[in-house]
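Heads up: the structure comes next, in C-alpha cells.
To find a chain, count down the sequence lines: A is the first, B the second, and so on, and within it residues start at 1.
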There are 4 protein chains.
Amino acid sequence: MEPTERKEMILQEAKKLFAVKGYYQTQISDIIREAGIARGTIYQYFKNKEDLFVSLLEKYYSQWEKNAYLAEDLDLAAVSPREYFFHRIRRTLEFFAQDQDVCRIYLRMGLGLPGELESTISRFEKKIEDIIVNDLNLGVRNGHVPEDMDVRLVANLLGGALLRTAYLYFGSGVDPDFDLDRAARKICDILSPAIFLPSVP
Amino acid sequence: MEPTERKEMILQEAKKLFAVKGYYQTQISDIIREAGIARGTIYQYFKNKEDLFVSLLEKYYSQWEKNAYLAEDLDLAAVSPREYFFHRIRRTLEFFAQDQDVCRIYLRMGLGLPGELESTISRFEKKIEDIIVNDLNLGVRNGHVPEDMDVRLVANLLGGALLRTAYLYFGSGVDPDFDLDRAARKICDILSPAIFLPSVP
Amino acid sequence: MEPTERKEMILQEAKKLFAVKGYYQTQISDIIREAGIARGTIYQYFKNKEDLFVSLLEKYYSQWEKNAYLAEDLDLAAVSPREYFFHRIRRTLEFFAQDQDVCRIYLRMGLGLPGELESTISRFEKKIEDIIVNDLNLGVRNGHVPEDMDVRLVANLLGGALLRTAYLYFGSGVDPDFDLDRAARKICDILSPAIFLPSVP
Amino acid sequence: MEPTERKEMILQEAKKLFAVKGYYQTQISDIIREAGIARGTIYQYFKNKEDLFVSLLEKYYSQWEKNAYLAEDLDLAAVSPREYFFHRIRRTLEFFAQDQDVCRIYLRMGLGLPGELESTISRFEKKIEDIIVNDLNLGVRNGHVPEDMDVRLVANLLGGALLRTAYLYFGSGVDPDFDLDRAARKICDILSPAIFLPSVP
DNA sequence: GATGAATGAGCATTCATTCAT
DNA sequence: AATGAATGAATGCTCATTCAT
C-alpha cells in the first residue's frame, strides 16, 4: 500500500470512530484495530492523537472551503438574490450530505461524552424541538402558520437559530447592560416573516 | 457551612470549570482546588465525576423546563401569535443570559477538546459566520436586504439554523434518496422572508 | 445503653461481618450500619479497625483458653487416657459449636478475598476432600476400611491433618535435606491405624 | 526476554509477595518493583490484580491436580492399601515441598492480615499445638503413647484434623440438633488408634 | 459520650507515546 | 517503513480516621 493511501485509510477509520465515540472515547487502540495496523505505525503519519484529529478537521475544512467559495463562481448579476441564497444553502447541505461522520464531528455532536451524559444533553435538545413543534402545530390549527409547513424542519431551523444566537450573546460573558427585550424583539421581527402567514399581526 | 450550601458550592465551581475546560479536561483535582475542599468530600455529595456532571445538567434542565413552560401561562387568546413567539424567544434568552457557563455547556461549546482542536473547530464556525456576513452586506449594498439589519445577528441565526438542519438530515445516517434540491429549496423559501426585502424576487 | 453493652454490641455485629466478608472486605461503614451507630462512635471504644478485630480475637481466645484448660480439671487418675482425649475433642468442638462466626474467623475461612479468589481457593480444598472420599469408598468396597466409617468426616480429618503438616514442614522455608519419604512414611504409619482394619497389611 | 518468560517472571515475583504479605497487603507497586518492570507492563499480561492472583492459583492448582491424579497410575492390585495411602501422602507433601510460597498461599497462611492480626491468630494455633504436645508428652510419661512418637508432628496432625472438622461441622451454620457427644466420640474413636498404644483402654 | 461531615494518603488502572528490532 | 512490548505520568476513587459541634 502506498504511504499516501495508508495515511488516507487511517484518517477514514479514525473519522468513523471519532464521529461515533468522540475524541476522548476513541482510543488509539480502537483506531489501529479498525485500520488493521500496528500501534507504532500511526505515529509514522501523525505526530500524535491530536494531530490526527486536526488533520481530519483540516482535510474536511479545506474541502468545505473550496465548496463554499465555489458559490462565488455564480454570476451574481445573472442570478436573483434568492437563487444565490438557495445555492449557498444547497452547497452547505451538499457538504454535510456527503459524509455523516464529518457532519457529526463538525456539528459537535460526537465530542464523546460517556453515554449517560450524552443522552442527558440530547434530551434537552429534543425537548426544545418538541416545544417548538407543538407551538407550530397550534399555529397551524389557529390559521397563523401555513398549513403545508414542514414543522419538524422549521422547529430545527428555529431551534438552531435561537441556540446559536444565545451563544453569540452570552457564550463569552454576559454584558450586564444587555437589553433582553430589545434582542428578543429583534429576533422575533426577523424570524416572524419566516413562519407566520402575512395576515398575522 | 450547611451541607446543601456545600453541595451547591461544589456544583458552582464545577460548572465554571466544565464550561471553560469541558468534561474531560476538568479534573477532580481542579474542582477540589477551586472549591477549596478535600478530595474525598466530592464523593460525599456525588457518586462520581459523571454523576456530578449529570447533576449539573439536570439542575439547569429543570430550571429551564420550569422557565420554558411558564410561557404557557400566557393567555393565548389575549396575545397575538407574534407576541407569543416573542415571549418564547425572550424566555429562552433569559435562561441563557443568567449564566454564561450553563450556556456554554448546553450549547456544547464547552465539551472540552484540547486547545488546538477547539480552535480548529471554532475557526470553521467563525468562517461560516463571516461568509454569511459578507453575503448579507452585499445584499444591503444591492438593496435586497434591509439597510438596518443587524447582520452579525442574522448571520448567527442563519448559520445556527442551517447547521442544525444539516444535523437533522444527516446526523444519523444519510438517506441515499435524499433530495438535496428539494430540501435546499424548502429551507430557502422558509428563510427568505426573514432576510430579503418584500420586493426581492 | 450501658457503655459496656454498647461495646459488646459493636463486637457482635463486627464479628458477623468479619466472619462472612473477612477483614479487608468488611468496611467500618458496614459495621456502623449494622450496629446502628455513628461513624465516630466506634473510635470511642476501639483505637482503630485493627484494634477492633484484635479485641474480637482476644475475647474468644480467652474464652477458648478458659474452656480448653478446664479439661485439666478432669481427674487424670480417674479417667482413662481415651476418656481424657475424648474430653479434649469435645471441649474444642463445643467452643466452635457455640459460634459459627468465631469458627470461620479462627479457621481462616473468612479472611475476605474477593469472590472469585475465595472460590478458586475453596475449589482446591473441596477437591482434596473428594479425592480422599473416593479413596476411602474404594477401601470400603475392598474390605480394607471399616464399612461403617463416616467417610466425609474421616476425609476432613485426614485432609486437615495432612495440610497442616505440610505447613509445619514447608511453611517457613523448605529444608533442602528434608527427607520426603521418611516424613510420608511416618505420617502414613501414624494415620493408618485410624482408617484401616487391623487385618490390612 | 520472551513474552512467556516475562509473564512467568511476573508470576514468580508476585507469588513470593503474595505468600509473605498476602493479597491485600501486596501492592501492584511491590510487584513491579520486585519484577523490575513498569507499572503498565503488568496489565499487558493480566487483566488486573485479581486476575494475576487467580492465574497464580490456577497454575499451581493444575500442577497439583496432575500430581494428585498421577497416584492413580499406581497399580492398585499390586500395592497394598497402606502403600497406596503412603503414596498419596508422599505426593501431597511433594507438591508443597517444591514451593513454600505456594504452600503458604494455599494453606491460607499468607492471606495477608496486618502484622498484629496475623500474630494474634497464629498465637491461637500455636497454643493448640502446645496443648496437644503437652498432653502427648504426658501420655508418653504415663506409658499410653509410644515413646518414639514425633509429638510435634502428631500434634499438628491432630490439630489440623480437629480444626478442619470443626469447620466441616460449624462453618456454614450450626445445626441446633447437632450431637456434640456423638461427634466427639466418633472423632475420638477414629483417632485413638493413631496415638495410643494397643494396650490403652 | 455521640455524631457525621470532612479529610487525604494511598491505590489500581488507563492509555498515549516510545523505541529497539 | 512497520511493529508491538514496554513505559510511566496522570487520574478517579476508596475508606479508615479525625474533630468540631
Worksheet, complete the sentence: 5'-most contact on DNA chain F (nearest-nucleotide basis), B:T41 vs D:A38, goes to D:A38
Item to complete: Check whether any side-chain nitrogen or oxygen of C:Y45 sits under 4.0 Å from OP1 or OP2 of E:dG1, and answer yes or no.
Response: no
Item to complete: For the pair A:E65 and B:K127, find out whether any cationic side-chain nitrogen is under 4.0 Å from an anionic carboxylate oxygen.
Response: yes
Fill in: Residues B:R33 and B:D30 bridged, charged N to O under 4.0 Å
yes
At a cut-off of 3.5 Å, list every protein nitrogen or oxygen paired with a nitrogen or oxygen from nucleotides 16-19 of chain F, distance to 0.1 Å.
{"from": "F:dA16", "atom 1": "OP1", "to": "C:K49", "atom 2": "NZ", "distance (Å)": "3.3"}
{"from": "F:dA16", "atom 1": "OP2", "to": "C:I28", "atom 2": "N", "distance (Å)": "3.0"}
{"from": "F:dT17", "atom 1": "OP2", "to": "C:Y43", "atom 2": "OH", "distance (Å)": "3.2"}
{"from": "F:dT17", "atom 1": "OP2", "to": "C:K49", "atom 2": "N", "distance (Å)": "2.9"}
{"from": "F:dT17", "atom 1": "O4", "to": "C:R39", "atom 2": "NH1", "distance (Å)": "3.2"}

Discussion item. Taking 4.0 Å as the cut-off, does a side-chain nitrogen or oxygen of B:R6 come that near to OP1 or OP2 on E:dA6?
Written reply: yes
Practice prompt. Test side chain to side chain donor-acceptor pair (under 3.5 Å) on B:K66 and B:Q63 and set out the steps.
Written response: CA-CA 5 Å; B:K66 240 185 325 187; B:Q63 275 189 20; over 6 Å; no
Response to the item:
Hits for side-chain contact (heavy atoms from CB on, under 4.5 Å) against A:E58, two or more places apart or cross-chain, chain-then-number order -> A:V54, A:Y61, B:T120, B:R123
Worksheet entry | Rounded distance in Å - CZ (D:R33) to P (F:dG8) | 15 Å
Worksheet item: With under 30° as parallel and over 60° as perpendicular, where do the rings of D:Y24 and C:Y24 fit, or are they tilted in between?
Response: parallel
Item to complete: Assign the ring pair B:F96 / A:F124 to parallel, tilted or perpendicular, where the plane angle (0 to 90°) is split at 30° and 60°.
Response: perpendicular
Practice prompt. Could you tell me the separation between the CD atom of B:Q25 and the P atom of E:dC15, rounded to a whole number of Å?
Written response: 15 Å
Worksheet entry | Euclidean distance, atom CD1 of residue C:I37 to atom C1' of E:dG1 [Å, nearest integer] | 12 Å
Item to complete: Would you mind reading off the distance between B:I42 atom CD1 and F:dC15 atom P, rounded to a whole angstrom?
Response: 18 Å
Discussion item. Output the rounded distance in Å from CG (A:L52) to P (E:dC15).
Written reply: 17 Å
Worksheet entry | Between E:dG4 (C1') and B:K7 (NZ): distance, integer Å | 17 Å
Worksheet item: Any donor and acceptor pair, going by atom type alone, linking the side chain of B:K49 with main-chain N or O of B:Y23 inside 3.5 Å?
Response: yes
Discussion item. Between B:Y106 and A:E125 (side chain of the first, backbone of the second, donor and acceptor by atom type, cut-off under 3.5 Å), is there such a pair?
Written reply: no
Fill in: Pairwise distance OG1(D:T26) to NZ(D:K21) - rounded to 0.5 angstrom
6.0 Å
Worksheet item: Would you write out the dot-bracket form of DNA chain F, 5' to 3', with Watson-Crick and G-U pairs under 3.5 Å, [ ] for crossing pairs, | for pairs to other strands and . for unpaired bases?
Response: .||||||||||||||||||||
Worksheet item: Whole-Å distance between E:dA16 P and A:L17 CG?
Response: 12 Å
Discussion item. Without decimals, in angstroms, what is the distance between B:F46 CZ and F:dG12 P?
Written reply: 15 Å
